[in-house]
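Ligands are counted one by one from 1 in listed order, and the atoms in each one are counted from 1 as well.
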Amino acid sequence: MIKTRFTELVGIEHPIVQGGMQWVGRAELVAAVANAGALGLITALTQPTPEDLTKEIARCRDLTDKPFGVNLTILPAIKPPPYAEYRQAIIEAGIKIVETAGNKPQEHVTEFKKHGIKIIHKCTSVRHALSAERMGVDAISIDGFECAGHPGEDDTPGLILIPAAADKVKIPLIASGGFGDGRGLVAALALGAEGINMGTRFMCTKESPIHQLVKERIVANDERETELIFRTMRNTSRVAKNAISTKVVAMEKEGAKFEDVRELVAGARGKMVYATGDADEGIWSAGQVQGLIHDIPTCAELVSRIMRDAEAIMQSRFEGMLSGAQRQAAE
Ligand SMILES: Cc1cc2nc3c(=O)[nH]c(=O)nc-3n(C[C@H](O)[C@H](O)[C@H](O)COP(=O)(O)O)c2cc1C
């Protein structure tokens, strides 16, 4: 059992979070994560309307009586979704934990706080973490350059970003990006975090609502199988390497603008990947941690394995090294 300020804050057993995932963060996965004693997050914008989100939250409550939360991702868009309505649906459903991600969360933070909701803000730099802390969020999830999705433009890997954030942030800090096993959890704790957030690893579990062939592709992929698209537009996204993402990167090198790649990167095509299992049909997010993923366990198996391995490292490996060193010093 590893207890941290974060597990206390959100009332969960293990310091592990399943981050928001477009098209993946649905009730069956979130409930399985919650039942495993970790924190699952429904992805609000995966639901076509705020009413659908209300139904998805109810569906999740039918599957678990453990705490779970909702992710609200605020991204720049020409025609933004009705954020205030999604926010209201979250509040009215009685959700008590929210993960915010993306730009300028202040308006949402203020409203969520009025209703006693605990907010984990996910960001990719120390300066944004400090600004979210000043806004009044309750915890920070710091996403290193390894992560799936949006790693930001600073390219700071977790090994630097996590301790740099831990040195400055006072509220509980969750390490995100590149985590998939017990070794990662121990490393995150050593670097000053109070838990880990995982996307790609949870995407590759039995309960994850995506096609089996995509899960098998993640298992087959190694740590090199990602691409960084939208670099030239300063809106970098780490996605699985496939025919489409490789083409988009090549087109960007030739000077392509968003309009030129719009059809290739369409969200509807990415969604089809998960439905059909054709991993080359569109763009889908996955991180470098693919290199550490070798199986498709249930969420319960995954969480208990991470905890068992982390505890073994802390108890046997570290203590063995320490007592070995003490023995040598005494000799
Ligand atoms: C398929 C997929 C979809 C994602 N969609 C979102 C999203 O909609 N909002 C968000 O805040 N993060 C999103 N993420 C990022 C994750 O929440 C998490 O921060 C990231 O996956 C951590 O890196 P890892 O994949 O190395 O564990 C997504 C990740 C994946 C794998």
Side-chain angles (χ1 to χ4, degrees), residues 16-26 29-30 33 38-47 53 69-77 81 83 86 98-103 105 108 119-124 128 132 140-152 157-159 161-162 174-181 184-185 187-188 193 195-205 208-211 214-215 217-218 221 223 225-229 235-240 242 245 267 270-275 279 282-293 302 306:
I16 301 176
V17 182
Q18 165 254 308
M21 283 185 276
Q22 184 66 329
W23 311 128
V24 183
R26 299 175 190 268
L29 175 62
V30 174
V33 172
L39 179 65
L41 298 163
I42 290 179
T43 308
L45 300 183
T46 291
Q47 299 303 319
L53 175 59
V70 174
N71 161 285
L72 187 63
T73 306
I74 312 131
L75 289 175
Y83 283 117
Y86 277 97
V98 163
E99 177 191 60
T100 51
N103 300 334
H108 304 290
I119 306 158
I120 308 160
H121 183 66
K122 190 166 62 191
C123 53
T124 58
H128 290 140
I140 295 291
S141 196
I142 197 96
D143 236 341
F145 189 51
E146 305 88 334
C147 73
H150 292 273
L159 201 51
L161 188 59
I162 299 158
I174 296 301
S176 179
F179 294 98
D181 58 29
L185 173 56
I196 51 171
N197 178 59
M198 308 193 299
T200 310
R201 178 62 275 200
F202 274 121
M203 188 186 178
C204 193
T205 56
S208 161
I210 62 169
H211 201 286
V214 181
K215 298 178 194 177
R217 177 78 168 246
I218 293 173
N221 279 352
E223 61 279 9
E225 305 289 336
T226 73
E227 292 278 12
L228 293 167
I229 61 167
N235 184 25
T236 302
S237 191
R238 188 182 292 282
V239 300
N242 66 9
S245 59
K271 193 177 168 190
M272 284 306 281
V273 169
Y274 302 133
I283 294 290
W284 52 285
S285 297
Q288 295 180 317
V289 73
Q290 287 179 114
L292 303 178
I293 296 176
L302 176 62
I306 292 175

- Item | Protein heavy-atom partner closest to atom 29 (C) of ligand 1 - residue, atom, separation in Å | Met21 CG, 3.6 Å
- Note on the structure: ligand 1 atoms nearer than 4.0 angstrom to some heavy atom of Asn197 are 18 (C), 19 (O)
- Message: To the nearest 0.5 Å, what is the distance between CD on Glu99 and NE2 on His121?
- Response: 9.5 Å
- Query: In Å and rounded to the nearest 0.5 Å, what is the OH to CE distance from Tyr274 to Met21?
  - Reply: 9.0 Å
- Message: At under 4.0 Å between heavy atoms, is it the side chain or the backbone of Thr46 that contacts ligand 1, or both, or neither?
- Response: neither
- Query: Do side-chain atoms of Gln288 reach the backbone of Glu223 as a donor and acceptor pair under 3.5 angstrom?
  - Reply: no
- For atom 5 (N) of ligand 1, closest protein heavy-atom neighbour: Gln22 N, 2.9 Å
- Query: What protein heavy atom sits nearest atom 20 (C) of ligand 1, and how far away is it?
  - Reply: Ala148 O, 3.7 Å
- Query: By number and element, which atoms of ligand 1 are closer than 4.0 Å to a non-hydrogen atom of Gly178?
  - Reply: 24 (P), 26 (O)
- Output the list of atoms in ligand 1 that are nearer than 4.0 Å to some heavy atom of Lys122, sorted by atom number. 10 (C), 11 (O), 12 (N), 15 (C), 16 (C), 17 (O), 18 (C), 19 (O)
- Query: When you measure from atom 25 (O) of ligand 1 to every protein heavy atom, which one gives the shortest distance, and what is it?
  - Reply: Thr200 OG1, 2.5 Å
- Under the salt bridge (charged side-chain N to carboxylate O under 4.0 Å, His left out) test, which residues partner Arg201, sequence neighbours left out? Asp295
- Query: At a 4.0 Å threshold, what atoms of ligand 1 neighbour a non-hydrogen atom of Ser176?
  - Reply: 19 (O), 22 (C)
- Item | Exam field: side chain Thr43 to backbone Gly20, donor-acceptor pair closer than 3.5 Å | no
- Quick one: list whatever passes side-chain hydrogen bond (donor to acceptor under 3.5 Å, both in side chains) with Thr73, sequence neighbours left out. Asn71
